[in-house]
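In listed order, ligands and their atoms are each counted from 1.
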Amino acid sequence: MPLPTTARVVRLTAEPRGLPVPEDFTVAEEPLPAPGPGQVLVRNRAFLVFPALRTLISGAGTGLPVPHVKPGEALFGPALGEVLAAPEGGPLRPGDLVTHLDGWRDHAVADAARFTAVDPDFPLPVALVSAASAGYGALTRCAEVRPGDVVLVTGAAGAVGSLAGRIARLLGAARVIGTTRSPGKAQRLTAELGYDAVLVPGERPFAELLAGAAPDGVDVVLDLVGGEQLTAAVDAARQGGRIAVVGALSGQLDPRLPGGNSPAVIDSFRVVTLGLRLRGFTLLDHPDLAAEWRERLGGWLRSGEITFPWTPVAGIDRAPQALSRLFTGDTFGATIVEL
Ligand SMILES: NC(=O)c1ccc[n+]([C@@H]2O[C@H](COP(=O)([O-])OP(=O)(O)OC[C@H]3O[C@@H](n4cnc5c(N)ncnc54)[C@H](OP(=O)(O)O)[C@@H]3O)[C@@H](O)[C@H]2O)c1
């Protein structure tokens with residue numbers, strides 16, 4: 001079969017004011033180079049729509065490990081692809097599934113080292129594009145859940161949080177509390193995804209809701225939201241509490257903020273007196289986590305101990321709208337464009 005010579009690619013075309021809107025992007029057909037020596041050509045099957053794109057597009061934030069996306073540049077991110085061409089004698093063959101970071105396009109060409117083969121027996125390959133490994137890593141390597149812990153996961157209904165409840169339970173947590181802005185998602189998180197209670201901030205101060213759900217406090221926090229939820233989490237933490245700060249949705253996706261900061265008030269006196277541990281966690285600091293996560297996730301999916309909730313989005317043309325759906329909260333679990 002002849003190899004494709006063009007690719008459809010999502011590019012940023014305008015500097016967004018506030019949150020990006022679909023009109024800030026184009027989906028254009030572009031020439032696709034033939035793979036050179038040592039390169040692999042893949043047809044993408046799926047790619048992730050993720051909130052950090054808002055930060056990368058806004059140009060806000062400091063110390064980011066990846067460059068800002070400027071007008072004219074292509075978006076990128078976690079993807080699942082099928083190999084169409086690979087170097088002779090190398091480990092990859094046409095038909096193999098691979099993960100890589102050249103999402104937001106339908107075909108990609110890159111050096112073979114940028115692709116990771118997916119085990120043909122892996123139960124649900126699309127789950128490997130999700131960022132849920134960040135929750136697993138934070139709960140095992142940063143906040144270190146112990147049997148009997150009470151765990152709070154803020155931002156529980158997204159890609160990371162929707163698996164984190166079950167993961168915390170599998171690691172021994174006695175009670176897992178989540179947060180979301182949507183009552184409908186709260187119901188699904190308790191009915192389907194292992195959460196004992198899910199709080200919907202808004203009608204009452206979040207600190208009051210948390211005190212009701214965890215009257216004796218919490219041992220572990222996986223914080224994906226920041227802001228008033230992080231403030232309340234510190235106030236609710238018990239002696240020796242461990243708080244993993246993994247995301248900052250409240251600052252990242254607020255149209256009034258630039259997308260690269262997320263202020264929160266922390267009672268430092270409490271941190272001192274209760275010996276609280278508050279640490280940031282990023283996947284980039286744990287490159288060895290990916291293989292461990294694949295092993296654990298594959299096992300949990302096979303045994304049925306974990307299910308993978310995701311919102312499929314049909315076709316690359318709908319990808320820019322899918323990013324806006326993250327801002328309105330109109331998706332559940334990981335938001336994944338299928339090609
Ligand atoms: N450190 C790392 O290595 C790492 C890796 C992956 C992800 N992260 C970070 O972890 C966080 C969660 O990532 P994710 O992939 O799981 O995202 P996500 O939850 O899939 O993101 C979308 C969700 O964010 C919530 N949301 C939207 N606007 C919000 C606002 N103004 N305030 C609070 N929540 C809002 C909505 O959920 P509701 O409708 O339920 O409120 C929406 O469905 C992000 O900050 C991300 O950048 C970090």
Side-chain angles (χ1 to χ4, degrees), residues 18-20 47-58 60-61 63-66 77-78 101 103 127 129-143 153-165 167 178-190 193 195 198-202 206 221-230 244-264 279-287 289-290 293 308-311 313 322-337:
L19 296 174
F47 60 83
L48 184 68
V49 181
F50 56 103
L53 276 175
R54 197 269 163 133
T55 308
L56 296 178
I57 287 169
S58 72
L64 298 177
V66 276
L101 292 174
V129 308
S130 164
S133 54
Y136 171 76
L139 292 172
T140 53
R141 299 183 178 199
C142 184
V153 179
T154 65
V160 178
S162 59
L163 292 197
I167 294 170
T179 74
T180 168
R181 299 171 308 162
S182 150
K185 293 185 196 179
Q187 203 274 333
R188 284 191 66 181
L189 287 166
T190 45
L193 292 165
Y195 282 90
V198 178
L199 313 175
V200 183
F206 179 64
V221 179
L222 168 59
D223 182 39
L224 304 170
V225 171
E228 69 153 357
Q229 297 194 27
L230 179 56
V245 181
V246 176
L249 288 164
S250 66
Q252 201 169 34
L253 302 189
D254 186 330
R256 298 160 301 177
L257 292 175
N261 65 345
S262 185
R279 279 175 65 190
F281 175 91
T282 79
L283 284 174
L284 292 164
D285 290 334
H286 296 268
L289 185 77
W293 168 242
F308 177 67
W310 57 296
T311 300
V313 175
L323 185 60
S324 295
R325 291 175 68 191
L326 287 192
F327 310 148
T328 53
D330 178 33
T331 61
F332 186 74
T335 303
I336 297 176
V337 175

* **Atoms of ligand 1, numbered as shown, that sit under 4.0 Å from any heavy atom of Gly247** => 9 (C), 10 (O), 11 (C), 45 (O)

* Asked: For atom 27 (C) of ligand 1, what's the nearest protein heavy atom and its distance?
  -> Arg181 NH2, 3.1 Å

* Asked: Can you name the one residue among Thr335, Val49, Thr311 that meets side chain to side chain contact (heavy atoms under 4.5 Å, CB included) with Arg325?
  -> Thr311

* **Pairwise side-chain contact, Asp223 with Val246, heavy-atom cut-off 4.5 Å (strictly under)** => no

* State, with a plain yes or no, whether a side-chain heavy atom of Phe308 is found less than 4.5 Å away from one of Ser130. => yes

* Asked: Mind checking whether Phe281 and Val245 have side chains closer than 4.5 Å, heavy atoms only?
  -> no

* Structure fact -> In this structure, atom 19 (O) of ligand 1 is nearest to the protein heavy atom Gly158 CA, 3.0 Å

* Element-labelled atoms of ligand 1 that are located less than 4.0 Å from some non-hydrogen atom of Ala134 -> 4 (C), 5 (C), 6 (C)

* Just distances here: any N/O of Phe50 and N/O of ligand 1 closer than 3.5 Å? -> no

* Structure fact -> Logged contact type for Pro51 with ligand 1, heavy-atom cut-off 4.0 Å, is side chain

* To do: Show your working on side-chain contact (heavy atoms from CB on, under 4.5 Å) between Val129 and Phe47 and close with a plain yes or no.
  => CA-CA 7 Å; Val129 308; Phe47 60 83; over 6 Å; no

* Among all protein heavy atoms, pick out the one at the shortest distance from atom 43 (O) of ligand 1; state its residue, atom name and that distance to 0.1 Å. => Lys185 NZ, 3.3 Å

* So do Leu101 and Pro78 actually touch side chain to side chain, heavy atoms under 4.5 Å? -> yes

* Asked: Below 3.5 angstrom, do we get any N/O pair linking Ala157 and ligand 1?
  -> no

* **Numbered atoms and elements of ligand 1 in range of Phe281, under 4.0 angstrom, heavy atoms** => 1 (N), 2 (C)

* Ser324 vs Leu19 side-chain heavy atoms within contact, under 4.5 Å -> no

* Sub-4.0 Å heavy-atom contact, Phe327 with ligand 1 -> yes

* Asked: Would you say Ser182 has any N or O atom under 3.5 Å from an N or O of ligand 1, going by distance alone?
  -> no

* Asked: How close does the nearest protein non-hydrogen atom get to atom 48 (C) of ligand 1, and which residue and atom is it?
  -> Val246 O, 3.0 Å

* Worked verdict on Phe50 versus Ile336 for side-chain contact (heavy atoms from CB on, under 4.5 Å) -> CA-CA 9 Å; Phe50 56 103; Ile336 297 176; over 6 Å; no

* Considering only protein heavy atoms, which is closest to atom 32 (N) of ligand 1, and at what distance to one decimal place? -> Ser250 CA, 3.5 Å

* Asked: How far is atom 34 (N) of ligand 1 from its nearest protein heavy atom, and which residue and atom name does that atom have?
  -> Leu249 CB, 3.7 Å

* Go through ligand 1 atom by atom and flag the ones less than 4.0 Å from a non-hydrogen atom of Gln252. => 44 (C), 45 (O), 46 (C), 47 (O)

* For the student: nearest non-hydrogen atoms of Ser162 and Leu193, plus distance -> O-CD2, 3.8 Å

* Do me a favour and list the nearest non-hydrogen protein atom to atom 40 (O) of ligand 1 with residue, atom name and distance? => Thr180 OG1, 2.6 Å

* Which of the atoms of ligand 1 are close to Ala131, meaning less than 4.0 Å from one of its heavy atoms? -> 6 (C)

* Asked: Can Gln229 and Thr179 be counted as having a side-chain donor-acceptor contact under 3.5 angstrom?
  -> yes

* To do: Would you indicate whether the side-chain heavy atoms of Leu139 and Leu222 approach each other to under 4.5 Å?
  => yes

* **For Ala248, the ligand 1 atoms whose distance to one of its heavy atoms is below 4.0 Å** => 45 (O)

* Under 4.0 Å from any heavy atom of Leu283, which atoms of ligand 1 are there? -> 2 (C), 3 (O)

* Asked: Can you check whether Asp254's main-chain N or O pairs, donor with acceptor, with Arg54's side chain at less than 3.5 Å?
  -> yes

* Asked: Tell me, which protein residue and heavy-atom name are nearest atom 23 (C) of ligand 1, and how many Å apart are they?
  -> Leu326 O, 4.1 Å

* Determine whether Tyr195 and Thr180 make a side-chain contact, defined as any pair of heavy atoms from C-beta on separated by less than 4.5 Å. => no

* Number the atoms of ligand 1 from 1 as they appear, then name those within less than 4.0 Å of a heavy atom of Gly329, with their elements. => 39 (O), 42 (C), 43 (O)

